[in-house]
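Proteins get letters first, then strands, A, B, ... in listed order; numbering begins at 1 in each.
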Amino acid sequence: MLYDYKNIEGKWQKKWDELNAFRAKQDFTLPKYYALVEFPYPSGQGLHVGHPRPYTALDIVSRKKRMQGYNVLFPMGWDAFGLPTENYAIKNKIHPRIVTERNVARFKSQLKALGLSFDWSREINTTSPEYYKWTQWIFIQLFKKGLAYKKEMAVNFCTSCKVVLANEEVVNGVCERCGSEVIRKVKSQWMLKITEYADRLISDLDGLDFIERVKTQQKNWIGKSKGAEIDFETTANDKLRVYTTRCDTLFGATYMVIAPEHELIVKWKDLLQNYDEIEAYKLQASKKSDFERTELVKEKTGVELKGVRAINPATGKEIPIFISDYVLSGYGTGAIMAVPAHDERDWEFAKKFNLPIIEVVAGGNVEEAAFVDVETGKLVNSGFLNGLEVEAAKAEMIKFLESKGIGKEKVNFKLRDWVFSRQRYWGEPIPLVKCEKCGWVAIPESELPVKLPDVDSYEPTENGESPLSLMTDWVNCKCPQCGGKAERETDTMPQWAGSSWYFLRYCDPDNDKELASAEALKYWMPVDWYNGGMEHTTLHLLYSRFWSKFLYDIDIVPCKEPYLKRTSHGMILGENGEKMSKSRGNVINPDDIINDYGADTMRLYEMFIGDFEQSAPWNTQSIKGCKRFLERVYNLLDMVEGTGFTKELEKDLHKLIKKVTNDIDTMKFNTAIAAMMGTLNTIYDNGKITKDELLLFAKLLSPFAPHIAEEINSRLGNSDIISLAQWPEYDESKTIDDTVEMPVQINGKVRCVMQIPREASKEDILEIVKKDDKISSGIEGKTIVKEIVVPGKIINIVVK
RNA sequence: GCGGGUGUGGCGGAACUGGCAGACGCGCCAGACUUAGGAUCUGGUGGCACCCCCGUGCAGGUUCAAGUCCUGUCACCCGCACCA
C-alpha cells in the first residue's frame with residue numbers, strides 16, 4: 001500500500017481541528033497535566049528545524065498523558081515584543097504590529113503542519129493589549145510593594161547612531177550597525193528587586209524536579225557567598241568599606257582596590273595629587289563592559305590614589321589605595337582589600353605594581369603563585385589567628401571585628417537587580433507617571449492597559465530617550481493622585497516581562513477581570529513539565545520564578561514555585577556541525593522537510609537524531625531511515641492476519657510497551673524509536689501480524705507519528721481517533737524471559753556466551769559453564785583463584 | 001576570566017545501580033528483482049597481521065571486571081545580566 005503522507009497528514013489535521021480533539025477540558029475534577037514548552041519569539045525567518053525538537057518532545061508527552069486519561073493543558077503562544085521586530089520595522093518603515101502579525105501567521109501555519117496537539121483556543125500574544133494589561137498590572141503590584149525602584153545605571157550608547165544599544169548590538173566595543181565607538185552612558189532606570197528573593201530562589205530549588213545542571217547553574221548565578229564587611233579607616237578621616245569572603249587573611253591585606261566608579265573618589269578630589277590621571281583611567285574603564293574588565297588573561301591595570309591611604313585594622317599599618325577596573329562597582333561594596341598572597345587577581349596586580357606579598361596562610365609558595373587552598377593551610381603572620389585553620393580563623397576574625405565595631409558577617413549575592421527599563425518602542429509601556437508634587441505614581445488599575453500609542457518613527461531619539469518621549473500629547477497627563485501636571489514614563493519593559501508570567505495566562509486566557517481566575521490557577525498550576533533551552537536558565541527561568549513567588553506572596557497564585565519539572569533540549573546544529581544561522585548559510589527550513597518527507601517523518605527524525613538533552617547536527621540523508629521505517633509500518637496493513645495476540649509477538653510487544661512508556665517519561669525518545677524499529681524488524685521476520693497487534697503497535701507509535709497512527713487505526717476499521725484511545729499497559733511477567741544470555745569470561749576476557757535458566761543458582765551456573773568446551777579447555781591445568789557469578793549479568797573465572 | 005556542559009566506528013548515536021562496547025539508523029559492500037535504479041528486498045559491515053590482539057580525547061590509578069569510579073591533562077561547545 002502506498003504511504004501517501006500528504007493526504008494522510010492533511011486529513012487528520014483537519015479531523016483533529018473539527019473534533020477539537022486537543023482542547024483542555026473545563027472539568028476541574030479530572031486529573032490534570034500541564035505540559036509547557038517555551039513560547040517562541042516569532043522572528044521574520046520563520047521556524048527553523050531547531051524549534052520542533054522541544055515541541056515534538058512535549059507533544060509526545062502530552063499525547064501519551066491524554067491517552068493515559070489525563071486532562072492535558074498543552075498551550076502555545078507568542079513572545080512577540082522585542083528588538084529584531086522593532087529594528088525590522090525601522091528599516092522597512094512598517095509598523096511593528098504588522099510585522100508581528102505577519103510573523104505570527106507564518107509561525108502558526110508552520111507549527112500546524114507538524115501536527116502538534118496544542119490547544120489553540122488558548123493562544124496568547126504578549127503584544128496584545130488584553131495580555132499586556134496584566135503584565136502592567138503585575139508591574140504596578142511590584143511598584144506598590146516597593147520592589148520597583150529607580151537607579152542610575154550605565155547603558156551602551158552609540159555616539160554616531162545616538163541610540164542605546166543592547167549588549168548584543170555591541171561587537172568588540174563598537175556599534176554593530178555603523179562601527180562607531182560605543183560609550184557607557186549613565187541613565188536613570190527602573191529596577192526590580194529580584195535580590196530580595198535571592199535566598200528563596202536558591203533554597204526552594206531543593207524540592208523541584210529540575211535537571212541538575214539547571215539547578216547548579218541557577219545557584220551559581222545567584223552566587224550566595226558568606227563573608228564579612230570590614231571598614232578601613234582612611235587618612236582622609238572617613239571609612240572605606242569592603243566586602244571579603246576571606247576575612248581570615250586580613251593581616252595579609254597590603255593594599256586596597258576600589259572600582260573606578262566608586263563615590264569616594266569624587267569626595268576625595270581635593271586630596272588627590274593625581275586626579276587628572278585618575279579621571280583618564282575612569283574614562284577608559286567606562287568604555288569596557290564588566291565582562292571585558294574581569295578577564296584574567298588581560299594584564300591588570302590601575303592607578304594609585306596619591307594623597308589618601310587606608311589603615312589595615314589588624315596590623316595598624318598604612319596601605320595604599322588603587323583604582324582598577326577588575327573591581328566592579330556592582331558587586332559587594334565596590335571595594336576590596338587586596339591579599340596578594342591568597343588571591344590570583346590580587347597577586348597579579350601586586351606583581352605588576354611591585355606591592356608587598358605577605359603570606360598569612362602556610363602551605364604554598366606565595367612568591368611563585370597565590371595560594372588559594374582553604375582546606376589544608378594554617379594561619380601565620382597573623383597575630384591572634386596564628387595556628388588556626390581557615391574556617392576557624394574566619395570565625396575568630398568576625399568576633400574580633402564585631403568587638404571593635406568595625407565589621408560584621410555579611411551574606412552577599414552575585415545576583416544583581418533586574419534592569420527593567422528599555423529606551424525602545426516595541427515593549428509594554430511602564431504604567432507610571434511622574435507628578436511634580438507626588439513623585440512617581442501608578443496608573444489606576446481601572447485605566448489599564450496603558451496602550452502603546454502609534455508613533456511616526458520608532459527610531460530612538462538623539463539623546464537616547466525612548467521614541468515615546470517625542471509624543472508630547474501622550475507624555476503630558478494629569479496625576480491620578482492629585483490631578484496636577486504629570487508626565488508619563490516613556491521607557492518600556494524588557495521582553496522578559498511578558499514571558500515571566502505567560503504560563504499563568506494559559507490557565508484562563510480570556511479573563512478580563514483578573515490575570516487568571518483563582519479557580520483555574522488552583523487547578524492547573526503548577527506546570528507539571530516545562531521544557532526549554534539551557535540558555536534561558538539564568539534569565540527567563542529565574543525571572544519567571546521570581547514573579548511567581550511575588551504573585552504567591554500577594555495571594556494571586558496558589559503555589560510557591562511555578563514549575564515542578566524542568567528539562568532542557570540540545571540544539572540542532574547545521575549539517576556542518578556549526579550553530580544554524582542565516583549568516584552561516586546552514587539553516588534548514590522545516591517546510592521543505594515536511595514537503596519532501598512528511599510531518600510524521602520529520603517528527604520522528606527530530607526525536608531519533610540523538611539524546612534529547614544533547615545537541616546534534618542535522619543530516620538530511622539520515623531522515624530516510626525514519627521515512628523507511630514509517631513506510632514499513634504502513635505496509636503492515638498488508639500483512640494483517642487474524643485477531644488477538646500470538647505467542648510469537650506477545651513477549652516483544654509487552655517489552656515494547658514497557659520500553660516506550662518509560663522512555664517517554666525519561667525523555668529517551670531516541671531509544672523508544674529504536675525499540676519500535678527493532679520490534680518492526682521482528683514482525684517482518686515473523687512475516688505476519690494480527691489486527692490487535694498492529695493496533696497496539698499503532699497506539700505506541702501515535703504520540704511520535706500521530707497522522708500515520710490515525711490512518712492505520714482507521715483502516716483497521718475503527719471510527720474513534722487513536723489520539724484519544726487508551727494507552728496500552730504491559731504485564732511485567734510477560735516481559736521476562738525464561739533464560740538469560742550470560743557472557744562467560746576467563747580472566748576478564750569473554751570466551752563464550754551461554755543461555756542460562758533465569759532461576760539457576762550460582763553452583764548450577766558454574767556447573768553448566770564448566771561443561772562448555774571453550775571454558776573447560778581454558779581452565780584446564782590451571783588453578784582457579786576466584787569465581788565471580790553475577791546472576792543475570794556475567795560469569796568471570798579467574799585462573800592462574 | 002567566571003559558570004555550565006561534551007568528547008564512543010566513516011556519520012548520528014546505544015550501553016540500567018561498574019558486568020558481552022558499538023543497540024537502532026545513515027552510509028558503505030555484496031546479492032536478488034529490474035530495460036533502468038539515487039526505488040524495494042536479503043545478507044554483511046569498529047580496526048588489524050582476522051578463532052590472537054587492539055579499541056570509548058590523552059596519561060595514570062582502583063577493581064575479577066572501567067565508556068561508566070578516582071587523580072591529572074587536552075580539545076571543543078553554551079551562557080555571562082539591554083538578543084530571544
Side-chain angles (χ1 to χ4, degrees), chain A residues 38 40-41 43 79 81-84 87 153 155-156 164-170 189 194 212-214 216-221 223 289-298 326 330 344-345 414-424 494-496 499 533-540 542-543 570-571 573 577-579 605 608-611 613-626 628-629 631-632 662 668 670-671 673-678 680-681 684 741-753 774 785-788 790 792-799:
Chain A
E38 286 171 347
Y41 176 74
S43 70
D79 188 16
F81 275 130
L83 208 54
N87 287 344
M153 288 294 292
V155 294
N156 303 308
V164 174
L165 298 175
N167 286 346
E168 201 195 43
E169 298 174 296
V170 183
Q189 314 235 51
I194 189 172
E212 255 341 283
R213 59 196 166 122
V214 168
T216 43
Q217 213 168 298
Q218 286 209 343
K219 278 182 198 161
N220 289 335
W221 181 262
S289 67
D290 288 357
F291 177 41
E292 289 171 305
R293 285 169 52 163
T294 50
E295 254 181 315
L296 191 65
V297 283
K298 294 228 177 98
Y326 81 94
E344 284 171 33
R345 290 157 304 179
K414 275 203 206 110
L415 184 70
R416 312 204 286 259
D417 277 338
W418 177 3
V419 186
F420 203 69
S421 292
R422 298 291 183 276
Q423 293 72 42
R424 285 282 180 164
Q495 173 276 339
W496 309 108
S499 61
M534 217 41 216
E535 69 275 20
H536 290 128
T537 304
T538 51
L539 298 179
H540 159 68
L542 210 56
Y543 290 152
M571 230 188 304
L573 306 170
E578 290 174 27
K579 196 171 168 174
Y605 178 62
F608 187 61
I609 195 166
D611 183 336
E613 299 198 70
Q614 232 61 61
S615 58
W618 182 266
N619 187 326
T620 301
Q621 186 76 256
S622 284
I623 299 171
K624 279 186 192 165
C626 294
R628 277 181 203 150
F629 168 69
E631 279 166 350
R632 275 156 61 85
N662 292 341
K668 302 242 164 228
N670 53 337
T671 52
I673 294 166
M676 288 191 275
M677 287 172 167
L680 182 73
N681 291 341
Y684 267 77
E741 212 171 63
M742 285 179 71
V744 187
Q745 300 179 331
I746 295 176
N747 289 345
K749 303 277 180 199
V750 178
R751 293 299 139 176
C752 67
V753 179
K774 284 200 190 106
V785 183
K786 206 172 184 180
E787 291 171 329
I788 295 128
V790 185
K793 288 274 166 70
I794 206 158
I795 299 139
N796 189 11
I797 301 170
V798 185
V799 295

| query | Looking for any heavy atom pair under 4.0 Å, which part of the strands does Val798(A) touch: base, sugar-phosphate only, or nothing? | reply | sugar-phosphate
| Roughly how far apart, to the nearest Å, are U8(B) and C41(B) at atom P? | 31 Å
| task | Go ahead and write out RNA chain B as dot-bracket, 5' to 3': ( ) for pairs within the strand, [ ] for ones crossing earlier pairs, | when the partner sits on another strand, dots for unpaired; Watson-Crick or G-U wobble, both distances under 3.5 Å. | result | (((((((..(((......[....)))((((((.......))))))((.....))..(((((..]....))))))))))))....
| request: Could you give the distance separating A66(B) and C76(B) at their P atoms, to the nearest angstrom? | output: 30 Å
| field | Under 4.0 angstrom between Asn681(A) side-chain N/O and G25(B) OP1 or OP2 | value | yes
| request: Would you indicate what Leu415(A) reaches in the nucleic acid, counting non-hydrogen atoms under 4.0 angstrom: base, sugar-phosphate, or nothing? | output: base
| task | Syn or anti for G9(B), please, going by whether the chi angle lies within 90° of 0. | result | syn
| request: Answer yes if the side chains of Asn167(A) and Asn156(A) hold a donor-acceptor pair under 3.5 Å, and no otherwise. | output: yes
| query | Do the side-chain N or O atoms of Arg345(A) get closer than 4.0 angstrom to the phosphate oxygens (OP1, OP2) of C2(B)? | reply | no
| field | Distance between P atoms of C20(B) and U56(B) (Å, rounded) | value | 15 Å
| said: Between U71(B) and G27(B), how many Å separate the two P atoms, rounded to a whole number? | reply: 43 Å
| request: Would you mind telling me which residue lines up with the more 5' stretch of RNA chain B, Arg628(A) or Val155(A), judged by nearest nucleotide? | output: Arg628(A)
| query | Are Gln217(A) and G3(B) close enough that a side-chain N or O sits under 4.0 Å from OP1 or OP2? | reply | no
| Gap in Å between the two C1' atoms, one belonging to U17(B) and one to G55(B), rounded | 26 Å
| said: Can you see if the side chain of Asn167(A) gets near the phosphate of C83(B) - specifically, an N or O under 4.0 Å from OP1 or OP2? | reply: no
| field | C74(B) to G57(B) separation - C1' atoms, rounded to the nearest Å | value | 7 Å
| message | Between the base of C82(B) and the side chain of Gln189(A), is one N or O donor paired with an acceptor at under 3.5 angstrom? | response | yes
| request: Please name all residues satisfying ring pair (Phe, Tyr, Trp, His ring centres under 6.0 Å) with Phe608(A), sequence neighbours left out, ordered by chain then number. | output: none
| said: Applying a 4.0 Å non-hydrogen cut-off, can you work out what Pro617(A) is touching in the nucleic acid: base, sugar-phosphate, or nothing? | reply: sugar-phosphate
| field | Option among Val798(A), Ile797(A), Ile795(A) that satisfies the side chain to side chain contact (heavy atoms under 4.5 Å, CB included) test with Ile788(A) | value | Val798(A)
| request: Could you tell me whether the phosphate oxygens of G4(B), OP1 or OP2, come under 4.0 Å of any side-chain nitrogen or oxygen in Asn220(A)? | output: yes
| message | Between the base of C20(B) and the side chain of Glu741(A), is there a donor and acceptor pair under 3.5 angstrom? | response | yes
| said: Is there a side-chain contact between Arg422(A) and the phosphate of C82(B), meaning an N or O under 4.0 Å from OP1 or OP2? | reply: yes
| task | Taking atom types as modelled, find out whether Gln217(A) and Glu212(A) have a side-chain donor-acceptor pair closer than 3.5 angstrom. | result | no
| said: Any base atoms under 4.0 Å from Phe608(A), or only sugar-phosphate, or nothing? Heavy atoms, all strands. | reply: base
| query | Think Lys219(A) has a side-chain N or O under 4.0 angstrom from the OP1 or OP2 of G4(B)? | reply | no
| task | Syn or anti for C50(B), please, going by whether the chi angle lies within 90° of 0. | result | syn
| Which part of the nucleic acid does Leu83(A) contact within heavy-atom distance under 4.0 Å: base, sugar-phosphate only, or nothing? | sugar-phosphate
| request: For His540(A), report the nucleic acid contact type (base, sugar-phosphate, nothing); a contact means any heavy atom under 4.0 Å. | output: nothing
| message | Please classify the nucleic acid contact of Ile788(A) as base, sugar-phosphate, or nothing, using heavy-atom distances under 4.0 Å. | response | base
| Does OP1 or OP2 of C64(B) have a side-chain N or O of Lys786(A) closer than 4.0 Å? | yes
| message | Heavy atoms only, 4.0 Å cut-off, all strands: where does Asn796(A) land among base, sugar-phosphate and nothing? | response | base
| At under 4.0 Å between heavy atoms, what does Lys579(A) touch on the DNA or RNA strands: base, sugar-phosphate, or nothing? | sugar-phosphate
| Roughly how far apart, to the nearest Å, are G13(B) and C26(B) at atom C1'? | 11 Å
| query | Quick one: is Arg424(A) getting a side-chain N or O under 4.0 Å of the C82(B) phosphate, OP1 or OP2? | reply | no
| query | If you measure from the C1' atom in U6(B) to the same atom in U68(B), how many Å do you get, rounded? | reply | 15 Å
